[in-house]
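What follows is a set of notes on a single structure, which appears directly below.
Just so you know, these numbers use all the heavy atoms, side chains as well, and skip hydrogens, waters and symmetry mates.
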Amino acid sequence: MMSEERFLLKDFFNPASIGVIADAVQKAEPRFDRRAFLDSVFDGDWEGRQLKQRMRHVAQSLRDALTEDYRSALSVLVDAATDAKEAGFAAMVFSDFVEAFGVHDFEASVAALEVFTKNVSAEFAVRPFLIAYPVRMLDQMLVWAVDENAAVRRLASEGTRPRLPWGIALKSYQADPTPLFPLLETLCHDPSGDVRRSVANSLNDISKEHPDLVVDLLARWQDGSEEVAEITKHALRTLLKQGHAGALSLLGFNPDPNVEILDLKVDQCSVQVGGKVSVSFTVRSTSHEHQSVMIDGVVEYARARGASTKVFKWKTTGLGPGEDLSISRSISLRPTSTRRVIPGAHGCQIQVNGTRLARIDFEVVE
């Protein structure tokens, strides 16, 4: 069995899951040539294809195996959707079929996406429609935002995210996100945690271009509810790491904290690539009042040119007048798929409520 560490999303598209899709389509359309479809999918280039390439290749194979008439082919997939749910993540290929071949047919395609998203989110497939039909599709999203099905409601928020990972960027909403605000406000008290998290993710996307707009919007939403409090904290995560004063204040953190950092040290000044270094220090309150503190570690990684930084959330707590808080954290120097670790001078800054107060350096060696 493939180890968990080596499993890739593209591996969800495999003979078992594609077989489930083939069975579902054949049940909906008995004339469907299951064998020819599978032979088309698993061709000589299959292993080299990445996730979205596999998805689109399967969608193309479905297109080739079904009738040339788009609406007739789509009708088969809609009829097959319930059984195809057993394919899990791979069932997203039905939405990809719509994205690839159905943007010209708004009515049939949008109705099908509403069906398909109940199996696996159609968040990628709706984006070409938002670009081709901006007003009409946003109106549709507002309708979906009050649907009885949580998966459909989530599609309204996740599908309109300006910076959805792996999705087509919605540049119009990056430039002006305000048309999305009524949609997001409709969903801010949604009973589904998945929907609320999607709302927060959308606001986090928007904050990267329009931080003050997001802070002002969330300030207006504050009503003491747990739902809005949860969204606010998650939506502001990037701004909090950046030390945005408005975001910090909205969550009760003084952007100019009354603290000092004492006894900052590392357990070793030189550490090998793949190892780890422990950082310890004390945060002392210099205030006569209780204060909320958010303590982060800002790690500076050596690069061939300059350095790159990553903010790690270490501790959020309250400090009484004159109170000391001892902190000890390990920093991994193991390379990952998203971060290279090379020999050279590294550092760690201690950030409290977005303000960087102290720094210590260490060396990474081969």
Side-chain angles (χ1 to χ4, degrees), residues 55 71 74 77-78 81 91-210 213-214 216-218 220-221 227-228 230-232 234-235:
M55 191 183 308
R71 283 203 172 190
L74 187 63
L77 298 185
V78 169
M92 188 180 281
V93 73
F94 282 15
S95 295
D96 193 63
F97 182 95
V98 174
E99 179 181 351
F101 309 114
V103 176
H104 68 284
D105 190 339
F106 184 92
E107 291 84 359
S109 295
V110 167
L113 289 175
E114 183 176 326
V115 174
F116 298 154
T117 202
K118 296 173 185 177
N119 289 349
V120 187
S121 178
E123 61 203 52
F124 301 113
V126 297
R127 300 172 83 77
F129 292 86
L130 284 161
I131 294 170
Y133 313 94
V135 175
R136 194 176 181 187
M137 194 62 194
L138 186 57
D139 286 344
Q140 180 62 57
M141 293 296 198
L142 287 164
V143 173
W144 281 343
V146 293
D147 193 89
E148 64 180 13
N149 187 288
V152 176
R153 299 196 304 274
R154 181 183 178 276
L155 178 60
S157 54
E158 197 72 6
T160 53
R161 282 181 60 182
R163 291 172 165 267
L164 180 69
W166 298 345
I168 301 169
L170 298 179
K171 294 183 179 180
S172 64
Y173 294 145
Q174 288 180 323
D176 178 15
T178 56
L180 297 178
F181 289 175
L183 172 69
L184 298 176
E185 187 163 8
T186 298
L187 296 167
C188 72
H189 289 98
D190 197 275
S192 167
D194 287 341
V195 174
R196 297 195 304 272
R197 189 173 184 86
S198 177
V199 170
N201 285 336
S202 183
L203 290 171
N204 184 60
D205 283 359
I206 294 168
S207 75
K208 294 172 183 177
E209 275 92 20
H210 305 279
L213 271 181
V214 170
D216 290 346
L217 177 68
L218 287 168
R220 293 196 300 272
W221 284 7
E227 295 89 352
V228 170
E230 172 191 81
I231 287 172
T232 301
H234 194 59

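Residues His234 and Arg196 are not in side-chain contact: their nearest non-hydrogen atoms beyond the backbone lie 4.5 Å or more apart. For the pair Ser192/Arg153, a side-chain contact is recorded, criterion being any heavy-atom separation below 4.5 Å from C-beta on. At a threshold of 4.5 Å between non-hydrogen side-chain atoms, the residues Phe129 and Val98 count as touching. Residues Ile206 and Leu184 are in side-chain contact: their nearest non-hydrogen atoms beyond the backbone lie under 4.5 Å apart. Looking only at side-chain heavy atoms (C-beta outward), Pro128 and Ile168 come within less than 4.5 Å of each other.
When every heavy atom of Thr178 is checked against every heavy atom of Asp176, the shortest pair comes out as OG1-OD1, 2.6 Å. Between Leu164 and Asp205, the shortest heavy-atom contact is N-OD2, 3.7 Å. Residue Val195 comes nearest to Ser157 through the heavy atom pair O-OG, 4.1 Å, listed as atom of the first residue, atom of the second, then distance. Taking every heavy atom of both residues into account, Tyr173 and Thr160 meet most closely at CD1-O, 4.1 Å. The two residues Ser207 and Ala235 have their closest heavy-atom pair at OG-O, 4.4 Å. The shortest non-hydrogen separation linking Ile131 to Ala169 is CD1-O, 4.4 Å.
Distance check: Met137 CE to Trp144 CH2 gives 4.0 Å after rounding to the nearest 0.5 Å. Considering CG of Leu113 and CZ of Phe97, their distance stands at 11.5 Å, rounded to 0.5 Å. Atom CD in Glu158 sits 11.5 Å away from atom CG in Leu187 (nearest 0.5 Å). In this structure, OG1 on Thr232 lies 9.0 Å from CG on Leu217, to the nearest 0.5 angstrom. Here the CZ atom belonging to Phe116 is positioned 5.0 Å from the CG atom belonging to Leu77, to the nearest 0.5 angstrom. Distance CG/Asp190 to OG/Ser198: 9.5 Å, rounded to 0.5 Å.
Between Arg161 and Glu123 there is no salt bridge, since no side-chain N of the basic residue sits under 4.0 Å from a carboxylate O of the acidic one. Ion pairing between a basic and an acidic side chain is recognised when a charged N comes within 4.0 Å of a carboxylate O; Glu107 and Arg136 show such pairing. Ionic pairing of Glu99 and Arg127 is not present here: no N-O contact between side-chain nitrogen and carboxylate oxygen is shorter than 4.0 angstrom.
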Run the side-chain contact (heavy atoms from CB on, under 4.5 Å) check on Tyr133 and Val110 step by step: do they pass? CA-CA 11 Å; Tyr133 313 94; Val110 167; over 6 Å; no
Under the side-chain contact (heavy atoms from CB on, under 4.5 Å) criterion, do Asp147 and Val143 qualify, and how do the steps go? CA-CA 7 Å; Asp147 193 89; Val143 173; over 6 Å; no
| message | Would Val126 and Gln140 count as a side-chain contact (heavy atoms from CB on, under 4.5 Å) here? Give the steps. | response | CA-CA 10 Å; Val126 297; Gln140 180 62 57; over 6 Å; no
How far apart are the C-alpha atoms of Phe94 and Asn119, what are their side-chain angles, what is the distance that settles it, and do they pass the side-chain contact (heavy atoms from CB on, under 4.5 Å) test? CA-CA 10 Å; Phe94 282 15; Asn119 289 349; 5.7 Å; no
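Environment of CZ in Arg197: sparse, with no more than 12 heavy atoms of neighbouring residues, nucleotides or ligands closer than 6.0 Å.
The closest donor-acceptor contact from the side chain of His210 to the backbone of Gln174 lies under 3.5 Å.
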